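A short write-up of the structure that comes next.
Note that this is a predicted model, so its numbers are computed, not measured.
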Amino acid sequence: MPTPLENWFTYLMAIHDRVEDLSHLADPSLRAFEAQKPAAVIPSDPQQDNLSDLLLRRFNQTIPKAAFQFDTFREFVDFLATDRDLIVQAEFRRVAVGSKPELFDLSMKKFLALQVSEAFPSPSARKDLFDFVDANSPTEFFSSSDANRERFETLLTGPSTVALAAKNCYKQAARTA
């Protein structure tokens, strides 16, 4: 059974594939596409209806016209599936609790306020989290390269909070080595 993170990316990739067929304005890069404005890329009613039809048939999702006014396709997908940031935060917590069961007693708010090095003190917990994100994200968003592993390790051992590390999980992967 796919994870919520896999589901989120499944939606994004399906939307990207269809929108590329509907409009020459769709960026071929999935990462760049997620930042594009839906109404700017598929401005016509027939294009929007075509995408809506796909989402209804494939995912049983009915799309209101207002959804095409979101600022980005990322927001569009967040509307259809659980918000990606919330999914990533939940996975950070799941992996941290697996390594430090006492963290289960913290509310999500308190967990997110922890220093990331406190939530992931062991290399095995950081590796488990890296492996999960890598396995459930397209390579364009998160790669298993040594450079990305090093940046992720730095992200999880630095002075930031869990909330900030979760938010920057995909941003750090986009940086060049």
Side-chain angles (χ1 to χ4, degrees), residues 1-92 95 126-156 160 163-177:
M1 181 166 182
T3 68
L5 191 55
E6 282 177 308
N7 282 338
W8 194 94
F9 281 112
T10 296
Y11 272 93
L12 180 64
M13 290 183 291
I15 291 167
H16 183 237
D17 288 347
R18 178 54 56 97
V19 171
E20 278 190 311
D21 290 342
L22 297 172
S23 173
H24 68 282
L25 300 174
D27 196 292
S29 159
L30 189 60
R31 192 178 267 278
F33 172 77
E34 85 161 350
Q36 290 186 288
K37 185 171 179 66
V41 178
I42 50 172
S44 74
D45 285 341
Q47 290 171 315
Q48 293 174 6
D49 291 345
N50 189 296
L51 179 59
S52 292
D53 183 56
L54 167 83
L55 295 170
L56 179 62
R57 285 183 292 107
R58 181 154 179 208
F59 299 108
N60 201 28
Q61 292 275 359
T62 303
I63 310 302
K65 282 289 186 188
F68 291 96
Q69 297 308 313
F70 283 119
D71 288 335
T72 65
F73 275 105
R74 178 181 175 172
E75 290 176 7
F76 189 92
V77 175
D78 285 344
F79 171 76
L80 299 172
T82 302
D83 182 290
R84 187 175 77 198
D85 286 342
L86 296 177
I87 295 169
V88 170
Q89 290 171 0
E91 290 303 330
F92 267 59
V95 171
R126 295 188 298 271
K127 180 188 179 311
D128 288 348
L129 184 58
F130 181 92
D131 290 346
F132 174 84
V133 176
D134 182 43
N136 291 276
S137 306
T139 303
E140 194 169 343
F141 279 80
F142 201 87
S143 82
S144 58
S145 72
D146 288 342
N148 191 38
R149 280 188 189 277
E150 289 173 22
R151 287 190 302 271
F152 196 75
E153 182 73 15
T154 300
L155 179 71
L156 294 184
S160 71
L164 189 57
K167 180 178 175 138
N168 290 327
C169 177
Y170 290 110
K171 291 179 183 174
Q172 66 80 30
R175 295 185 188 128
T176 57

Measuring from atom [atom1] of [X] to atom [atom2] of [Y], what distance do you get when rounded to the nearest 0.5 angstrom?
{"X": "Leu12", "Y": "Asp17", "atom1": "CG", "atom2": "CG", "result": "9.5 Å"}
{"X": "Ser23", "Y": "Ile42", "atom1": "OG", "atom2": "CD1", "result": "7.5 Å"}
{"X": "Ser52", "Y": "Arg57", "atom1": "OG", "atom2": "CZ", "result": "11.0 Å"}
{"X": "Arg151", "Y": "Asn148", "atom1": "CZ", "atom2": "CG", "result": "5.0 Å"}

At their closest point, which heavy atom of [X] faces which heavy atom of [Y], and how far apart are they?
{"X": "Ser144", "Y": "Asp134", "value": "CB-OD2, 3.3 Å"}
{"X": "Ala166", "Y": "Gln89", "value": "CB-CG, 4.0 Å"}
{"X": "Gln69", "Y": "Ala39", "value": "NE2-CB, 3.7 Å"}
{"X": "Arg126", "Y": "Phe152", "value": "O-CE2, 3.9 Å"}
{"X": "Met13", "Y": "Leu30", "value": "CG-CD2, 3.6 Å"}
{"X": "His16", "Y": "Asp27", "value": "NE2-O, 2.8 Å"}

Could you pull out all residues at least two apart from [X] that satisfy salt bridge (Lys or Arg N to Asp or Glu O under 4.0 Å)?
{"X": "Glu75", "answer": "none"}
{"X": "Glu150", "answer": "none"}
{"X": "Arg58", "answer": "none"}
{"X": "Asp71", "answer": "Lys37"}

For [X], give me all partners under side chain to side chain contact (heavy atoms under 4.5 Å, CB included), at least two apart in sequence or on another chain.
{"X": "Asp21", "result": "none"}
{"X": "Leu80", "result": "Tyr11, Ile15, Leu55, Gln61, Ile63, Phe76"}
{"X": "Ser44", "result": "Pro46, Gln47"}
{"X": "Val133", "result": "Leu129, Ser137, Phe142, Cys169, Tyr170"}

Are the side chains of [X] and [Y] in touch, meaning some heavy atoms are under 4.5 Å apart?
{"X": "Glu91", "Y": "Val88", "value": "no"}
{"X": "Arg84", "Y": "Val77", "value": "no"}
{"X": "Phe130", "Y": "Leu156", "value": "no"}

Practice item. Using the test side chain to side chain donor-acceptor pair (under 3.5 Å), find all partners of Asp49 that sit at least two apart in sequence or belong to another chain. Key: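 Lys65.
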**Study point:** Glu20: partners by side chain to side chain donor-acceptor pair (under 3.5 Å), with sequence neighbours left out
**Key:**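 In terms of side chain to side chain donor-acceptor pair (under 3.5 Å), with neighbours along the sequence ignored, Glu20 is linked to no residue.
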Just distance, no hydrogens or angles: give the donor-acceptor pairs under 3.5 Å from side chains in residues 1-10, sequence neighbours left out.
| unit_1 | atom_1 | unit_2 | atom_2 | d |
| --- | --- | --- | --- | --- |
| Thr3 | OG1 | Leu5 | N | 3.4 |
| Thr3 | OG1 | Glu6 | N | 3.0 |
| Thr3 | OG1 | Asn136 | OD1 | 2.8 |
| Glu6 | OE1 | Thr3 | N | 2.8 |
| Trp8 | NE1 | Asp78 | OD1 | 2.7 |
| Thr10 | OG1 | Glu6 | O | 2.8 |

Check your understanding: Would a distance-only check, ignoring hydrogens and angles, find a side-chain to backbone donor-acceptor pair under 3.5 Å from Gln48 to Pro38?
Key ->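 The answer is no, because no donor-acceptor pair under 3.5 Å joins these two groups.
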Study note, to complete from the structure: Applied to residues 135-145, the salt bridge (Lys or Arg N to Asp or Glu O under 4.0 Å) test, sequence neighbours excluded, yields none
Review point. Quick one: do Asp85 and Arg74 make a salt bridge, cutoff under 4.0 Å?
Key: yes
